[in-house]
Amino acid sequence: MNIDLLSPASFASGHPLAQYRWLRENQPVFWHEEPNGKGFWAVTRYKDVWEVDRDFQNFSSEPTIMIQDPAAEQALGFGGYKMMLMMDPPQHTAYRKLIRSEFTQPLAADRTPRMNALARQIVDEVIERGECDFVSQVAGEMPSYVIAELLGIPLDDGRELYKLTEAIHTAPEAQEANAGGMAVLKMFEYGRKVIEEKRARPKDDLATKLLQAEVDGKKLDDIEFLLFFLLLVDAGGDTTRNLLSAGLIALFDNPDQLAWLKTDLDSRLPSAREELLRYTSPVIYMRRTAKQDVVLGGQKINEGDKVVMYFGSANRDPEKFTDSDKLDLSRSPNEHIAFGTGPHGCLGQHIARIEIDAILREVLTRMDGLKIAAAAEWLPSNFISGPKHLPVKFKAAKRAA
Ligand code: HEM
């Protein structure tokens, strides 16, 4: 089996499931060559991925969670600063604490009516047209509006920022030179305006809270704020969008499952959404770096080696999930790892769940005769999985008064 988990082409129509299967069955901790780097261990079994993600003593998130080490100029550009996604405890714990209380399950639940209203507004925008690009006009709108509301910036600005995340996540070889770097700069430019605005006119929003927050008795400086800002816009954007879009494809590929869901949408949505998370796994990987020599799944790993967790493979591991390649919207229990686990486990997961439910409910009840009009074009990325475009057709359902 030719194993290539680096080339975006391997992800051109979704996760490379055949490669994952071969790796789980033959070399679950596999040494993967890297043309412009020193190589990495690809970890593909559920139990090993789980172990690496939770064991921050042996597996560090520093210096980065991307396979490629940061370019020297980039490290200089941030002057040694980094996002909390790339910190280890106890530093990570102190930074995460700053925003943790904003992302609890009860607070997310309080936001449900507003998120339902946003979902309704998004579907209102397209419903009379009878066709749209599901990715950009429906699925992508939701997380960009939600993050804008959380941060306290105009919804339209959220949409513009969100477009930049796509460039940040797209493989460099699949777009114009330095498009990713330019997108980060534009994001920072906007973030600077937010700093000015929120310092001048503080509000009850996450951006203001971050600017007033303190770590070890010291307020966040501008760069620390900008990195938080980038993380929040980036982490919640195309992950949620891709779950919704790849999820819709999965539902249409499995009409019996779609019919089952629609028969009793409200009570079946929770298990269906968890299964779509497992089945589509929007985040392809997170990397760690071994802090000392360690043995993983029987394989010796040397200090300094890169160790890469493949969530989409862990989520299809038959040792963990019965009929793991089958979409079973009633699956229970469903301990998928699409949100990661351990100290960095997705902070936005409660919000993401409400966003997903809100859009799926609107789409599946209001878009009559919904169908996929042309094959999806997938993101050329080995980091984030999902369709780039998904043309759909539908009619407006008659609504009960
Ligand atoms: C379907 C949607 C989403 C998926 C699949 C997803 C997945 C993930 C994954 C895999 C991680 C890394 C976990 C690890 O290393 O163990 C993560 C981290 C994170 N996510 Fe999400 N995410 C989603 C939505 C969101 C949303 C909506 C937000 C914010 C509003 C968000 C904010 C974050 C943050 C801040 C982190 C970093 C946490 C840390 O470093 O402590 N995510 N997410």
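Both ligands and their constituent atoms are indexed starting at 1 by order of listing. Since the model is a prediction, treat every value here as computed from it, not as a measurement. Just so it is clear, the values below take in all heavy atoms, side chains as well, and ignore hydrogens, waters and symmetry mates.
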With H15, which of S281, S10, S313 fulfils side-chain contact (heavy atoms from CB on, under 4.5 Å)? S281
Report the C-alpha separation of V295 and I301 in whole Å, then their side-chain angles, then the decisive distance to 0.1 Å, and conclude whether the side chain to side chain contact (heavy atoms under 4.5 Å, CB included) test is met. CA-CA 6 Å; V295 175; I301 311 267; over 6 Å; no
Not counting sequence neighbours, list each pair that qualifies as a salt bridge (charged side-chain N to carboxylate O under 4.0 Å, His left out) and has a residue in residues 234-252. E166-R241
Under 3.5 Å, sequence neighbours excluded: what are the donor-acceptor pairs made by side chains of residues 99-111?
unit_1: E102; atom_1: OE2; unit_2: K209; atom_2: NZ; d: 3.3
unit_1: T104; atom_1: OG1; unit_2: L107; atom_2: N; d: 3.3

Give a table of atom pairs where an N or O of ligand 1 lies under 3.5 Å from a protein N or O.
unit_1: ligand 1; atom_1: 15 (O); unit_2: R288; atom_2: NH2; d: 2.9
unit_1: ligand 1; atom_1: 16 (O); unit_2: D53; atom_2: OD1; d: 3.0
unit_1: ligand 1; atom_1: 16 (O); unit_2: D53; atom_2: OD2; d: 2.6
unit_1: ligand 1; atom_1: 16 (O); unit_2: T341; atom_2: N; d: 3.2
unit_1: ligand 1; atom_1: 16 (O); unit_2: T341; atom_2: O; d: 3.2
unit_1: ligand 1; atom_1: 40 (O); unit_2: H344; atom_2: ND1; d: 2.7
unit_1: ligand 1; atom_1: 41 (O); unit_2: H92; atom_2: NE2; d: 2.7
unit_1: ligand 1; atom_1: 41 (O); unit_2: R96; atom_2: NH1; d: 2.7

What pairs of donor and acceptor atoms, side-chain ones from residues 132-140 against any protein atom, are under 3.5 angstrom apart with sequence neighbours left out?
unit_1: D133; atom_1: OD1; unit_2: V135; atom_2: N; d: 3.4
unit_1: D133; atom_1: OD1; unit_2: L390; atom_2: N; d: 2.7
unit_1: D133; atom_1: OD2; unit_2: S136; atom_2: N; d: 3.4
unit_1: D133; atom_1: OD2; unit_2: S136; atom_2: OG; d: 2.8
unit_1: D133; atom_1: OD2; unit_2: H389; atom_2: ND1; d: 3.2
unit_1: Q137; atom_1: OE1; unit_2: D133; atom_2: N; d: 2.7

Validation row, ring centre F383 to ring centre Y285 under 6.0 Å: yes
